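Here's the structure we're looking at; comments come further down.
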2 protein chains.
Amino acid sequence: MRRQALNVTRYDPGVSSAAPGTGDETIERRRPVTAVQVARHAGVSTATVSLVVNGKTAGRVSPQIAARVEAAIAELGYVVDRAASSLSRGSGDVVILVAPDIANPFFAGVIAGAQEALGSIYQLLLSATDVGCVPRPEDVRALFALRPAGLLVDAPNVRFLRDLDVHAPLVLIDAPSTEGVAPSVDLDVASGARQLARHLLHRGHRRIGYLDAVTGTETFVLRREALREELAAGGGVLAGPTPASVVDSAAASRAAVDAWPGWRDAGVTAVVAASDTQAYGVLHAMQGLGVPIPGELALAGFDNLPYSALTQPGLTSVELPSHQLGLAAAGHLRALIEGRAPAAPDMLPAHLVVRGSTAR
Amino acid sequence: MRRQALNVTRYDPGVSSAAPGTGDETIERRRPVTAVQVARHAGVSTATVSLVVNGKTAGRVSPQIAARVEAAIAELGYVVDRAASSLSRGSGDVVILVAPDIANPFFAGVIAGAQEALGSIYQLLLSATDVGCVPRPEDVRALFALRPAGLLVDAPNVRFLRDLDVHAPLVLIDAPSTEGVAPSVDLDVASGARQLARHLLHRGHRRIGYLDAVTGTETFVLRREALREELAAGGGVLAGPTPASVVDSAAASRAAVDAWPGWRDAGVTAVVAASDTQAYGVLHAMQGLGVPIPGELALAGFDNLPYSALTQPGLTSVELPSHQLGLAAAGHLRALIEGRAPAAPDMLPAHLVVRGSTAR
DNA sequence: CTGAAAGCGCTTACAG
DNA sequence: CTGAAAGCGCTTACAG
């Protein structure tokens with residue numbers, strides 16, 4: 001790799017060092033303003049400062065004093081130290097979302113929904129686990145040690161929860177079959193899979209190939225098995241090999257290239273991928289192999305990612321409501337945190353979006 | 001929307017409530033184990049517990065005592081309260097990456113690189129700002145109030161930094177023209193743009209259309225202007241309208257549909273999009289309009305996202321090394337945090353990847 | 001309406 | 001090698 005000129009500028013802390021120019025100077029950082037300084041500046045106690053910054057002045061602090069404190073806060077640029085605040089209160093105002101595949105556009109919707117539900121009171125931070133891996137209990141435990149207000153954990157399995165054994169606000173996302181262990185907000189992927197099965201049967205397909213995902217999450221088991229059952233009910237069958245790949249287009253493409261001879265020999269006329277991301281890979285693979293879609297092979301996926309409307313042909317997909325998922329999960333968590341009875345959410349409905357990839 | 005049966009299970013805290021069955025019971029949470037409990041259990045002081053959990057036993061704690069403490073920790077399931085730890089030390093071990101567009105696959109690489117550089121000592125959390133928006137100084141200030149070990153901020157502009165005025169470990173990512181304000185690790189997008197310009201000129205294109213991004217980030221200005229200059233140097237020109245869209249395929253598709261008459265009338269034979277994500281939208285728009293790519297119109301983008309190898313035709317793109325970017329930025333931050341002199345990183349090189357979308 | 005004081009759980013000089 | 005004690009910056013009963 002060709003190395004080029006350095007473009008990293010040294011940070012100037014704006015504070016004189018102990019021994020300027022000697023080379024072994026230590027950088028002194030300007031220390032953050034504390035409540036003590038604000039209190040001194042406004043001529044009040046730190047208790048009053050705390051009441052003001054937390055908006056608990058009603059009947060406790062006179063408007064005049066409050067105004068004086070506000071002024072001091074603005075002048076000094078005081079920001080509450082949330083580490084200290086968390087320690088004092090027992091927990092903070094951060095909500096952490098743990099997800100295995102942040103880069104998946106599906107999560108943009110979940111994140112937006114969660115932010116909407118959390119409002120400006122809580123701050124949402126994301127913890128990315130390794131792509132294609134379920135989060136490990138020890139990772140989540142380390143996150144709990146941060147004393148967040150609560151945790152949102154995407155797609156863990158039952159075993160994960162047994163190992164976790166943590167008792168704090170926690171809501172699971174898209175974690176079917178964890179009932180009774182922790183609250184979860186789920187997607188009705190089974191219904192979506194059945195709609196897709198009926199659509200394919202209706203289009204005359206009987207022998208369906210399947211490209212699975214290898215994350216070891218329940219949702220993918222559910223997608224596959226619901227599809228299989230509903231196909232069987234209508235005289236169809238999952239035929240040929242059932243390869244699995246990580247949720248990545250390139251990996252899916254390779255898997256599809258390998259699987260194609262088997263699918264073809266098994267008389268497969270349609271392929272379903274466990275996710276749209278993988279379906280894109282299958283589409284590419286078939287274009288490379290000269291197998292026309294939908295002419296020789298129909299194709300469908302799950303998620304209905306934005307890009308699925310843009311492929312050539314457009315991709316038939318089971319739409320999973322990511323925004324609503326984030327909204328419901330964070331809303332539930334918030335109720336838990338605030339000690340309210342959680343509003344009864346639904347199992348969020350999935351519905352099939354039909355496009356050119358399964359046209360006759 | 002059809003509502004279905006509720007599938008949210010109530011969380012059972014496993015702890016008896018104050019007034020069981022009365023209905024106004026408050027949920028008592030099992031309180032986390034503290035160092036005091038561990039100390040008591042092991043028959044030592046909390047100071048010793050602290051030394052053991054922080055691995056500072058060498059010459060300070062006898063192996064026997066250390067072993068006893070370890071055993072107590074394991075037995076009680078003790079995890080250090082990081083809020084308290086942060087308060088005591090002055091800052092914690094969390095590194096926060098602030099990025100406008102977490103869902104962009106480009107960030108998967110940045111995140112993986114940053115995690116690699118941070119190792120297991122620091123914990124990386126992500127803060128998602130609204131899509132298509134530069135992070136606001138107040139958001140970043142709120143993040144600093146969490147007392148993280150440091151912050152990595154993607155693509156802010158100079159004005160942002162003037163407003164920020166925060167003096168703590170901070171490294172900017174892909175933030176050209178912020179020299180002297182804060183350290184930054186940059187991508188040589190200008191060089192990439194010039195390579196792309198020369199490639200297009202060499203392929204015989206002289207009148208080039210451009211689809212810009214509307215995030216207000218320097219990197220996009222640089223991409224466009226470097227392309228413009230290098231084209232001019234070779235007798236080419238940015239011609240026709242220069243629409244802008246958010247970094248989203250669907251939005252880009254709409255923008256391209258609108259721009260096409262203008263481009264066509266201006267004699268444009270190639271279009272460059274500010275990002276691959278947008279280029280996918282242009283590709284879709286042109287397929288919809290019946291404009292063959294590359295036959296009638298060549299197309300290229302920036303980022304070389306994984307999916308760019310899978311489109312039909314494959315997308316010519318300026319590869320930006322996302323993994324190295326995360327690695328270098330986090331490495332620099334880590335040096336800053338630990339008071340070491342940052343290793344001199346490079347401005348990370350970009351290089352053109354030529355695919356079918358600009359074939360003759 | 002306001003303040004002095006205790007306490008959150010940890011870390012780190014300091015004394016022994 | 002080990003412990004008692006102070007302190008990080010905040011919040012919250014409690015006393016006035």
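Proteins come first, then strands; the chains are lettered A, B, ... in the order of their sequence lines, and each starts at number 1. Computed from a prediction, not measured in an experiment: that's the story for all the values here.
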Exercise. With no hydrogens and no angle check, is any side-chain donor or acceptor of A:Asp186 less than 3.5 Å from a backbone partner on A:Ala175?
Worked result: yes
Just list the side-chain donor-acceptor pairs under 3.5 Å for residues 52-61 of chain A, sequence neighbours left out, or say none.
unit_1: A:Asn54; atom_1: ND2; unit_2: A:Ser50; atom_2: O; d: 2.8
unit_1: A:Asn54; atom_1: ND2; unit_2: A:Ser50; atom_2: OG; d: 3.4

Sequence neighbours excluded, which residues qualify as side chain to side chain contact (heavy atoms under 4.5 Å, CB included) partners of [X]?
X        : result
A:Ala117 : A:Leu327, A:Ala330
B:Val36  : B:Thr34, B:Arg40, B:Thr46
B:Ala142 : A:Arg82, A:Gln123

Seminar exercise, completed: Stems in DNA chain D, runs of 3 or more consecutive Watson-Crick or G-U wobble pairs with both distances under 3.5 Å, sorted by first number, are C:1-3 with D:14-16, C:5-12 with D:5-12, C:14-16 with D:1-3
If the cut-off is 4.0 Å, is [X] near the phosphate of [N], judged by side-chain N/O to OP1 or OP2?
X       : N      : answer
A:Ser85 : D:dT11 : yes
B:Ser50 : C:dT12 : no
A:Lys56 : D:dT11 : no

Would you tabulate the nitrogen or oxygen pairs shorter than 3.5 Å linking the protein to nucleotides 14-16 of chain C?
none

Exercise. Mind checking what makes side-chain hydrogen bond (donor to acceptor under 3.5 Å, both in side chains) contact with B:Asp154, not counting sequence neighbours?
Worked result: none
Exercise. Which residues satisfy the salt bridge (Lys or Arg N to Asp or Glu O under 4.0 Å) test with A:Arg147, sequence neighbours excluded?
Worked result: B:Asp81
For this session: State which residues pass salt bridge (Lys or Arg N to Asp or Glu O under 4.0 Å) with B:Glu70; sequence neighbours excluded, sorted by chain then number.
Result: none
Exercise. In terms of the nearest nucleotide of DNA chain D, which residue is placed more toward the 5' end: A:Ala83 or A:Leu51?
Worked result: A:Ala83
Exercise. Given D:dG9, D:dT11, C:dC10, which nucleotide is nearest the side-chain atoms of A:Asn54?
Worked result: D:dT11
Nearest heavy-atom pair of [X] and [Y]: which atoms, and what distance?
X        : Y        : value
B:Ala72  : B:Ala42  : CB-CB, 3.9 Å
A:Leu125 : B:Leu143 : CD2-CD1, 4.4 Å
A:Leu124 : A:Ala114 : CD2-CB, 4.0 Å

For this session: Figure out the CG/P separation between A:Asp93 and D:dC10, and round it to whole Å.
Result: 14 Å
Exercise. Rounded to the nearest Å, what distance is computed from the CD atom of residue A:Gln37 to the C1' atom of nucleotide D:dG9?
Worked result: 11 Å
Exercise. Please, which pairs that meet salt bridge (charged side-chain N to carboxylate O under 4.0 Å, His left out) have at least one residue in residues 325-337 of chain B, sequence neighbours excluded?
Worked result: B:Arg334-B:Glu338
Shorter than 3.5 Å, N or O on both sides, protein versus nucleotides 5-8 of chain D: list them out with atom names.
unit_1: D:dG7; atom_1: N2; unit_2: B:Ser88; atom_2: OG; d: 3.1
unit_1: D:dC8; atom_1: O2; unit_2: B:Ser88; atom_2: N; d: 3.4

For this session: List in numerical order all residues of residues 61-80 of chain B for which some heavy atom is under 4.0 Å away from an atom belonging to DNA chain C.
Result: B:Tyr78, B:Val80
For this session: State, yes or no, whether a side-chain contact exists between A:Val33 and A:Val38 at a heavy-atom distance under 4.5 Å.
Result: yes
